[in-house]
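See below for the structure under consideration.
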Amino acid sequence: MLQALFWGGLAGLALIIGAVFALLFSIPRKLTGYIMAFGTGILIGAAAFELLGKVNDDKGYVYVILGFIIGATVFTISEYYISKKGGHHRKRSKENKQNNSGKAIFIGTIIDAIPESMIIGVGILKEHTVSWVIVLAIFISNFPEALSSTVGLKKEGYSKKKIITMWSIVMLLSSLSSFSGYVIFKELSEQYVAFISGIAAGGIITMVSSTMLPEAYEEGGPIVGFVSALGLLCSYVLSFIVH
């Protein structure tokens, strides 16, 4: 139970680190794109190898498929709503001229962070130990997200203190979400854990496709496809090493 709290917080810590880097240093946009592309590959691998994975009976696959469709649908609806409010710029380092975009960036990041972190707790339930692949995937993807978004928030006039406070809140929510994922789903049967895993996987794939990959390509160019492939390969190798 406590390890879910710890690992969720650790994954969320990357948001603070990314924000600090953006505030202290001028990070080349191409480098941000490469990091985001690599994180995208690892996230896709985590969804495929850790969350979808194998189940113990045929009924489990039905639960996974149903959960995947629901997760993808829910994230798409949430993304549509946030995009209408200006939150589709939350992974962009460019200045956003829309009103209240800073607030939308913050809310959109929370929408990304909470389900991502909950799967850490679900992963502990599923494997009875922390999944290094999932934690690493979320950590690496959080870093460029905070890096890129912080640049945008700076351009909108947000103070350093306010930016760090915002990301600290998201990190705390990440830790609590991981803890909640473990506590809420602890008593569920294996089939329902498979269902929740499917929801998380569907949400992740939809999220990286609509937000992270476009940003990575915009920042880094065509080579990000190769970098993403390397991230997926890394996730594949790690999935064997840790099991």
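Shortest non-hydrogen contact noted between Ala14 and Ala146 is O-CB, 4.5 Å. For the residue pair Ala46 and Ser235, the shortest heavy atom distance occurs at N-OG, 3.2 Å. Across Ile138 and Ser117, no two heavy atoms sit closer than the pair CD1-N, 4.3 Å. Across every non-hydrogen atom of Ala19 and Ile163, the tightest pair is CB-CG2, 4.5 Å. Considering every non-hydrogen atom in both Gly33 and Ala216, the closest pair reads O-CB, 3.6 Å. The two atoms that bring Ile120 and Gly8 nearest to each other are CD1-CA, 3.9 Å, heavy atoms only.
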- [ ] Starting from the C-alpha separation in whole Å, work towards a yes-or-no answer on side chain to side chain contact (heavy atoms under 4.5 Å, CB included) for Met212 and Leu43.
- [x] CA-CA 10 Å; Met212 292 184 68; Leu43 272 175; 3.8 Å; yes
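Interatomic distance, Thr40 OG1 to Phe38 CZ, rounded to the nearest 0.5 Å: 11.0 Å. Remark: Ile169 CD1 to Ser174 OG distance equals 11.5 Å, nearest 0.5 Å. Within the model, atoms CD1 of Ile164 and CG of Leu15 stand 10.5 Å from one another, a figure rounded to the nearest 0.5 Å. With values rounded to the nearest 0.5 angstrom, Asn142 atom CG is found 9.5 Å from Leu13 atom CG. For the atom pair Met166 CE and Lys161 NZ, the distance stands at 14.5 Å (nearest 0.5 Å). Considering OG of Ser178 and CG of Leu173, their distance stands at 12.5 Å, rounded to 0.5 Å.
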Distance-only check: which donor-acceptor pairs under 3.5 Å involve side-chain atoms of residues 222-232, not counting sequence neighbours?
| from | atom 1 | to | atom 2 | distance (Å) |
| --- | --- | --- | --- | --- |
| Ser228 | OG | Ala37 | O | 3.2 |
| Ser228 | OG | Val224 | O | 2.9 |

With a cut-off of 3.5 Å and sequence neighbours excluded, list every side-chain donor-acceptor pair involving residues 64-76.
| from | atom 1 | to | atom 2 | distance (Å) |
| --- | --- | --- | --- | --- |
| Thr73 | OG1 | Ile69 | O | 2.8 |
| Thr76 | OG1 | Ala72 | O | 2.7 |

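In this structure, Ile42 is not a member of the same hydrophobic cluster as Leu213, with clusters built from ILVMFWY side-chain heavy atoms closer than 4.5 Å.
Under the ring-ring contact (aromatic ring centres under 6.0 Å, His included) criterion, Tyr192 pairs with Tyr63, sequence neighbours left out.
Contact of the Arg29 side chain with the Glu218 side chain is registered, since non-hydrogen atoms from C-beta on lie closer than 4.5 Å. Contact check for Val62 versus Phe195: no side-chain heavy atoms found under the 4.5 Å cut-off.
Here the side chain of Lys154 pairs a donor or acceptor atom with the backbone of Ala22 at under 3.5 angstrom.
No hydrogens or angles considered: a donor-acceptor pair under 3.5 Å links the side chains of Thr150 and Trp167.
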